[in-house]
Amino acid sequence: QVHLVESGGGLVQPGGSLRLSCAASGIIFSMNDMGWYRQAPGKERELVASMTAGGTPSYAGSVKGRSGISRDNAKNTLYLQMNNLKPEDTGVYYCNARGVWDNIIRWGQGTQVTVSS
């Protein structure tokens, strides 16, 4: 029973902040590369930010400088801090895990982020 459960989404005003969380179970969390993806209506799912099992982060150009990805291996939790949110950040945000040994990819159910006045 492997689960990735996102939380922390919601409705925020432009310029506001959110912290998304992804609680993982059923995997060896520290042995997984992790990432946040988002999907807006009519668009492909896109990578927002990722962090390797070794702790190396990467960011999409659209969020670089105002987002921070982090992980707490002791809590089996991945985070995405989003600051200065813009309407174009609106979408369903998904947590992703990829096992470094078995290369198995897993997805969470998603959490809705809506940035609007």
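Numbering of residues begins at 1 and proceeds along the displayed sequence. Just so you know, these numbers use all the heavy atoms, side chains as well, and skip hydrogens, waters and symmetry mates.
- Heavy atoms from other residues, nucleotides or ligands lying under 6.0 Å from CG of Leu11 number more than 12.
- Note on Trp107 and Val48: separate hydrophobic clusters, where clusters join Ile, Leu, Val, Met, Phe, Trp and Tyr whose side-chain heavy atoms are under 4.5 Å apart, directly or indirectly.
- Every residue meeting the side chain to side chain contact (heavy atoms under 4.5 Å, CB included) condition with Ile69, not counting sequence neighbours, appears here in chain and number order: Trp36, Ala49, Met51, Pro57, Tyr59, Leu78, Leu80.
- Rounded to the nearest 0.5 angstrom, Asp72 CG and Tyr79 OH are separated by 5.0 Å.
- Annotation: the span from Ile28 atom CD1 to Asp102 atom CG amounts to 8.5 Å, rounded to 0.5 Å.
- For Ser67 (side chain) and Lys64 (main-chain N/O), no donor-acceptor pair under 3.5 Å exists by modelled atom type.
- Salt-bridge check for Asp89 with Arg66: passed, with a basic side-chain N closer than 4.0 Å to an acidic carboxylate O.
- No path of Ile, Leu, Val, Met, Phe, Trp and Tyr side chains, each step under 4.5 Å between heavy atoms, connects Met31 with Met34, placing them in separate hydrophobic clusters.
- Residues Tyr94 and Met82 do not share a hydrophobic cluster, defined by chaining ILVMFWY side chains whose heavy atoms lie under 4.5 Å apart.
- Looking only at atom types and distance, the side chain of Asn83 has a donor-acceptor partner in the side chain of Ser17 under 3.5 Å away.
- A side-chain N or O of Arg38 and one of Tyr93 form a donor-acceptor pair less than 3.5 Å apart.
- Across every non-hydrogen atom of Asn96 and Ile105, the tightest pair is ND2-CG2, 3.2 Å.
- Between Ser117 and Gln13, every side-chain heavy-atom pair lies at or beyond the 4.5 Å cut-off.
- In terms of heavy atoms, Ile27 sits closest to Ala97 at CD1-CB, 4.2 Å.
- No side-chain N or O of Gln39 forms a donor-acceptor pair with one of Glu44 less than 3.5 Å apart.
- Considering every non-hydrogen atom in both Cys22 and Leu4, the closest pair reads SG-CB, 4.0 Å.
- Using a 3.5 Å distance cut-off with no hydrogens or angles, the side chains of Arg71 and Asn73 do pair a donor with an acceptor.
- Under a 3.5 Å cut-off, the side chain of Thr77 and the backbone N or O of Lys75 do form a donor-acceptor pair.
- For the pair Val113 and Gly9, the tightest heavy-atom approach, listed with the atom from each and the gap, is CG2-CA, 4.1 Å.
- In terms of heavy atoms, Ala53 sits closest to Asp33 at N-OD1, 2.7 Å.
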Go through it in stages, so that I can follow the logic: the residues are Thr111 and Leu20, the test is side-chain contact (heavy atoms from CB on, under 4.5 Å), and I'd like the CA-CA distance, side-chain angles, deciding distance and then a yes or no.
CA-CA 8 Å; Thr111 185; Leu20 307 182; 4.2 Å; yes
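- When all heavy atoms of Asn76 and Phe29 are compared, the closest pair comes out as ND2-CB, 3.2 Å.
- Applying the 6.0 Å contact sphere to CZ of Arg106 captures more than 12 heavy atoms from other residues, nucleotides or ligands.
- With Glu6 contributing its side chain and Gln109 its backbone, the two residues share a donor-acceptor pair below 3.5 Å.
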